[in-house]
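Worth knowing before you read on, the calculation uses all heavy atoms, side chains too, and leaves out hydrogens, waters and symmetry mates. Just so we're clear, the structure is a prediction, and the values are computed from it rather than from any experiment.
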Amino acid sequence: MNNIYESHADLCKVFSNPIRLEILNLLRDREMSVSELIAKTKLSQANISQHLAIMKYKGIVISRRNGKNIHYKLTNPKIISAFDIIREVISQRLKVRQ
């Protein structure tokens, strides 16, 4: 199998979890700290941190430390383009079903 397909499938795993999708959407316009993400999602620090670790490992986000706070941002704005295209396809499918 071609490595590009394996890499593609591996990256798409990030899009297979609703919590990670919410985090992606929150990070679409700006960098956010873990505490800001916790406040917006109402999830525990452990849960948010677990998902951010996966996203960081997959190369979706990068982090920087500022004192006690860790801030995350997307590595590439094209990730949001992919996110938006998938949402458009879903929205169109739902309209057809109605």
- Message: Let me confirm one number: the CG-CD1 distance from Leu27 to Ile79, rounded to the nearest 0.5 Å.
- Response: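 Here the interatomic distance stands at 10.0 Å.
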
- Separation of Ile23 CD1 from Leu43 CG (nearest 0.5 Å):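 Here the rounded value is 7.5 Å.
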
Side chain to side chain donor-acceptor pair (under 3.5 Å): pairs with one or both residues in [range], sequence neighbours excluded:
| range | result |
| --- | --- |
| residues 37-49 | Asn47-His51 |
| residues 22-33 | Asn25-Arg28, Arg28-Asp84, Arg30-Glu36, Glu31-Arg64, Ser33-Ser35, Ser33-Glu36 |
| residues 67-81 | none |

- Minimum side-chain heavy-atom gap Lys13-Ile54 below 4.5 Å: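 The answer is no, as the side chains (C-beta and beyond) never meet within the 4.5 Å cut-off.
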
Same cluster or not: [X] versus [Y], using hydrophobic residues (I, L, V, M, F, W, Y) connected whenever any side-chain heavy atoms lie under 4.5 Å apart?
| X | Y | value |
| --- | --- | --- |
| Leu11 | Leu21 | yes |
| Ile80 | Ile62 | no |
| Ile19 | Leu37 | yes |

- Item | Residue list, side-chain contact (heavy atoms from CB on, under 4.5 Å) with Ile90, at least two apart or on another chain |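 Scan of Ile90 (side-chain contact (heavy atoms from CB on, under 4.5 Å), adjacent residues dropped) gives Ile86, Leu94.
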
- Task: Test side-chain contact (heavy atoms from CB on, under 4.5 Å) on Val14 and Leu24 and set out the steps.
- Result: CA-CA 9 Å; Val14 171; Leu24 280 173; 4.2 Å; yes

- Query: Who passes salt bridge (Lys or Arg N to Asp or Glu O under 4.0 Å) against Lys58, sequence neighbours left out?
  - Reply: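 Partners of Lys58 by the salt bridge (Lys or Arg N to Asp or Glu O under 4.0 Å) criterion, ordered by chain and then number, come out as Asp10.
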
- Determine, step by step, whether His8 and Cys12 satisfy the side-chain contact (heavy atoms from CB on, under 4.5 Å) criterion, reporting the C-alpha distance in whole Å, the side-chain angles of both residues, the deciding distance to 0.1 Å, and the verdict. CA-CA 6 Å; His8 189 154; Cys12 285; 3.3 Å; yes

